[in-house]
Amino acid sequence: MQLYKNQSLRVHNSLSGKKEFFQPINEGHIGMYVCGPTVYSNVHLGNCRTFMSFDMIFRYFKHLGFKVRYVRNITDAGHLENDADEGEDKIAKKAKLEQIEPMEVVQRYTVDFHETLQKFNFLSPSIEPTATGHIIEQIEIIKEILEKGFAYEINGSVYFDVIKFNEENEYGKLSGRKLEDMIANTRQLTAQDEKRNPQDFALWKKAEAQHIMRWPSPWGDGFPGWHLECTAMSTKYLGETFDIHGGGMDLKFPHHECEIAQAEASKGKSPVKYWLHANMLTLNGKKMSKSTGNNIYPAEIMSGENDILSKAYAPSVVRFFMMQAHYTSILDLSDDALLASEKGYHRLMDGLKNLESITTEATSNFDIPAWRQKCYDAMNDDFNTPILIAHLFDAVKHINLIKEGKETISQEDKTLLQNTMDNFVFDILGLENQAASKNDSSAMNGVMDLVIDLRNQARANKDFATSDKIRDELTALGIQLKDGKDGTTFSIN
RNA sequence: GGCAUCGUGGCCGAGUGGCUAGGCACAGCUCUGCAAAAGCUUGUACAGCGGUUCGAAUCCGCUCGAUGCCUCCA
C-alpha cells in the first residue's frame, strides 16, 4: 500500500492563506508546476533556495508513493526590463554585452543552472519546458482571451484588460489586493504608454526593428508577454486545473496573479488548487537580487572565494542549512549560521555512521515506530523540515547512547531505524554524505588502522609524546580521532 | 502611501492558548594519560504597551522596528 494512504498531509495554500488538507485532484497523482529561472545570468543562492524547497517537496511526494508530474520551466524568451515601450529585453541586452547570440546566452546559463542544481543533489523535474518552445501554444491562448473579450490589440501588441476581467472575476485574490486600491495608488502614466490602463499587462509585444528575439503572430512580429508562458506550459502538461503551483514569494504579484487571470479568462476556471510560495533567502538582511548585486553564487560558497564567508562550505552543508528553516520563512545567510549548520551536519552524519556499527540486543528502550511517525507528522505539517531535523537529532542521541552501552536496540528496530534515517536524510532532505566517499577508500582505511594501532601502542607504553604527535598532526590534516569504549575511530572533515 | 509577512534566550531557528523544539556557542560533571568525541546537567527567550482569558510568547487592539510586493527578480 502506498504510504500516502495513511499519512494525512497539510499544505499552506497562499490562495486561502491557511493550511489545508492536501487532496489531489486525481487520487494518487500530483501535477506540480514551479516557475523556473530566467536564464540571462548565473543562478544565485537565493534562486537555489526556492528550487530546493520544491525539490524537497517533490521528493516527499514521491516518497509517499504519489505519481508526480513535476514541471519546472526555463524562461528563455526575453522579458522587458520594465513595462515601458522602450524597455530592453534582458536576454538580448546580455547578448549584446557579451557579443553573442541570444540563444548562446540562454544556453550558457541553462547549463550553469543544471550544473549548479546537480551539485546540490537536485532531482530532475519530469518536464523542463522552455518558453521559446511554446510560442504557438502561447499565441493560441492569446486568441482565446481575445475571443472572450478580455484583451485588446493595439499597434501589433495585445494587452490583457484587467478592468474588464475584474468586473466578473477577482483580480488580486492571490496577493490580497483590490483593483480599486491599485488604481488609486498608481503613479502618473507615461505619455507614450499605449495600454488603456496601467494595470493591464502585455500578452504579446510588438518587436521593434532592433529587437532580435521575435516570432510571427496574427498581430505581426513580436514576442510573448512574461506571464503567458507559464499559463501555456502548465495547461499543456498538467491540464486546465492542476494540483500545485509553486514559486518564489516575489512572484506572487504580479506574475502569479496574472497567470490566474489568463487561465480564468481563457478557460473559465481557476487553474490551481494549491498555491505554494517559498520565502526569500536574504544576505545582510536584504533579499538576494540579481539587479541590486546583493547576492552570492553557489560556486563562490563551494570554493570559499567570496568576501562574505570565512571558509568554503560543501553543497550538502548549504542544503542542510536551508532545510533547518521552514520553506515559508525568510532565511538569512551568514557565516555564523553556516558554521553552526556545518557542525550539526557532521553530527548527523557521524550518527548515521555509528548506526551501522551498533550491536543489537533482545529489546529496545527507544520506541522506533513512534519516533518514525513523528518524523512523518513533521513532514505532513506543511513540510516542516526543521522539526523533522530535530527528530533526526533525537535519533542520533539514542544511537550514541546505544553505542556507549547505555541503551539497547533490537535487530528489528535497528533495521527500521536505518531505513527511516536513510529515507529522511537522503531521499527526502536530499543530503549526501560528502565525507563518505573520502572514507570509503580501503587503502585509506588500512593506513588509518595502522596509524591508530601505532598510536595506541605508544599510549600503552606511556609514550605520550609520540601518541600526541600522531593525534595533533592528523588533526592538522583534518582527520579527527575519536577514542570510544570499543576502540578508536576517525572522521574526515 | 497601499497590500502582505515578520519581530523568540549569545547566534541560527521551530512552535502558536497551559506540557523540554532542535542545532551551534558557553559553563559544570562523567569518561580520558591529557584532550577530542560522546553522554549528563544548567541557562527561566518570546519587540513595547494595553485588552480578552482561570491562564498568552501564542488570540485582539495600538505603538515601534524589519522585510517583501506595488517596475524585472526564486
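First the proteins, then the strands, lettered A, B, ... as listed; each starts at 1. Quick note: numbers below take in every heavy atom, side chains included, and nothing from hydrogens, waters or symmetry partners.
Counting non-hydrogen atoms under 4.0 angstrom, A/D394 reaches nothing in the nucleic acid. Residue contacts for A/R49: at a heavy-atom cut-off of 4.0 Å it reaches no nucleic acid atom on any strand shown. At the heavy-atom level, A/L348 lies nowhere under 4.0 Å from the strands shown. In this structure, A/G285 reaches the sugar-phosphate backbone alone: every heavy-atom distance under 4.0 Å involves primed, P, OP1 or OP2 atoms, never a base. At the heavy-atom level, A/K286 lies under 4.0 Å from the strands shown only through sugar-phosphate atoms. Heavy atoms of A/A325 sit under 4.0 angstrom from primed sugar atoms or phosphate atoms, though from no base atom. If you check every strand for non-hydrogen atoms under 4.0 Å, A/M280 touches a base. The residue A/G172 sits apart from the nucleic acid: no heavy atom pair falls under 4.0 Å. Residue contacts for A/G46: at a heavy-atom cut-off of 4.0 Å it reaches a base atom on one of the strands shown. Within the 4.0 angstrom heavy-atom criterion, no nucleotide atom of any strand lies near A/H277. Contact annotation for A/L281: base contact, defined as any heavy-atom pair under 4.0 Å involving a base atom.
Within residues 463-471 of chain A, the residues approaching RNA chain B are A/F464, A/S467, A/D468, A/R471, by heavy-atom distance under 4.0 Å. For RNA chain B, the residues of residues 378-390 of chain A within the heavy-atom distance limit of 4.0 Å (strictly under) are A/N384, A/P386, A/I387, A/A390, sorted by number.
Across B/C70, B/C12, B/C34, the shortest atom-to-atom separation from the side chain of A/A337 is found for B/C12. Listed candidates were B/A37, B/A74, B/C3. Nearest to the side chain of A/R177 is B/C3. When the nucleotides B/G33, B/A36, B/A74 are ranked by their closest atom to the side chain of A/R459, B/G33 comes out on top. Comparing B/C34, B/G2, B/A37 by their closest approach to the side chain of A/D181 singles out B/G2.
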Look for any protein N or O under 3.5 Å of an N or O in nucleotides 38-45 of chain B and output each such pair with its distance, or none.
from: B/A38; atom 1: O3'; to: A/N400; atom 2: ND2; distance (Å): 3.0
from: B/A38; atom 1: O2'; to: A/E404; atom 2: OE2; distance (Å): 2.7
from: B/A38; atom 1: N3; to: A/E404; atom 2: OE2; distance (Å): 3.4
from: B/G39; atom 1: OP1; to: A/R347; atom 2: NH2; distance (Å): 3.4
from: B/G39; atom 1: OP1; to: A/N400; atom 2: ND2; distance (Å): 3.2
from: B/G39; atom 1: OP2; to: A/R347; atom 2: NH1; distance (Å): 3.2
from: B/C40; atom 1: OP1; to: A/K397; atom 2: NZ; distance (Å): 3.1

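At a cut-off of 3.5 Å, with distance as the only test, no side-chain donor of A/E259 or A/T231 sits close to an acceptor on the other residue. Side chain to side chain, A/N279 and A/S329 fail the donor-acceptor criterion of an N or O pair below 3.5 Å. A side-chain donor-acceptor contact under 3.5 Å links A/E229 and A/T75.
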Practice problem: Check step by step if side-chain hydrogen bond (donor to acceptor under 3.5 Å, both in side chains) holds for A/D377 and A/Q373. | Solution: CA-CA 6 Å; A/D377 290 345; A/Q373 186 54 44; 2.9 Å; yes
Quiz prompt | Candidate pair A/F113 and A/N42, rule side chain to side chain contact (heavy atoms under 4.5 Å, CB included), full reasoning | solution = CA-CA 7 Å; A/F113 177 63; A/N42 294 308; over 6 Å; no
Quiz prompt | Criterion side-chain hydrogen bond (donor to acceptor under 3.5 Å, both in side chains) on A/T420 and A/N423, from CA distance to verdict | solution = CA-CA 5 Å; A/T420 309; A/N423 282 160; 5.5 Å; no
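Comparing A/K19 and A/K462, the nucleotide of RNA chain B nearest to each residue sits closer to the 5' end for A/K19.
One P atom belongs to B/G43, the other to B/C60, and the distance between them is 32 Å to the nearest Å. A distance of about 23 Å separates the P atoms of B/C11 and B/U16, rounded to the whole Å. B/C6 and B/G15 are spaced 10 Å apart, taking the P atom of each and rounding to whole Å. Rounded to a whole angstrom, the distance from the P atom of B/C19 to that of B/G2 is 38 Å. Of the P atoms belonging to B/U58 and B/U42, the separation is 26 Å, rounded to the nearest Å. Spacing between B/C24 and B/A38 at atom P, rounded to whole Å, works out to 8 Å. For the C1' atoms, the distance from B/G9 to B/G22 is 14 Å, rounded to whole Å. Distance check on atom C1': B/A21 versus B/C46 gives 14 Å, rounded to whole Å.
Considering only residues two or more places apart in sequence or on other chains, A/D243 meets the salt bridge (Lys or Arg N to Asp or Glu O under 4.0 Å) condition with none of them.
Side-chain N or O atoms of A/R177 include none that pairs as donor or acceptor with a backbone N or O of A/G172 at under 3.5 Å.
Between A/H256 and A/H277, the two ring planes are tilted [angle within 30° to 60°]. Ring-plane geometry between A/Y60 and A/F383 is classed as perpendicular, the angle between the planes exceeding 60 degrees on a 0 to 90 degree scale with a lower cut at 30.
Note: A/T328 OG1 to A/M249 CE = 7.0 Å, rounded to the nearest 0.5 Å. Residue A/N47 holds its CG atom at 9.0 Å from OH of A/Y297, rounded to the nearest 0.5 Å. Between the CD atom in A/E356 and the CD atom in A/Q418 there is a gap of 6.5 Å [rounded to 0.5 Å]. Here NE2 of A/H227 is found 10.5 Å from CZ of A/F160. Values are rounded to the nearest 0.5 Å.
Geometrically, A/K353 engages A/F490 in a cation-pi contact, judged by NZ or CZ lying under 6.0 Å from the ring centre and within 45° of the ring axis. Relative to the six-membered ring of A/Y159, A/R196 misses at least one condition, a distance below 6.0 Å or an angle of at most 45° to the axis.
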Practice problem: With pairs defined as Watson-Crick or G-U wobble and both distances under 3.5 angstrom, please note down RNA chain B as a dot-bracket string, | for pairing with another strand. | Solution: (((((((..(((.....[...)))..((((.......)))).....(((((..]....))))))))))))....
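Taking atom CG on A/L339 and atom C1' on B/G13, their separation rounds to 16 Å, with Å as the unit. Summarising the geometry, the separation between CZ on A/F393 and P on B/G23 is reported as 6 Å, rounded to the nearest angstrom.
The phosphate of B/G68 (OP1 or OP2) has no side-chain N or O of A/K252 nearer than 4.0 angstrom. At the phosphate of B/C69, OP1 or OP2 sits under 4.0 Å from a side-chain N or O atom of A/K287. One finds no side-chain N or O of A/T328 lying less than 4.0 angstrom from the OP1 or OP2 phosphate oxygen of B/U5.
Pairs engaging residues 387-397 of chain A under the side chain to side chain donor-acceptor pair (under 3.5 Å) rule: none recorded [sequence neighbours left out].
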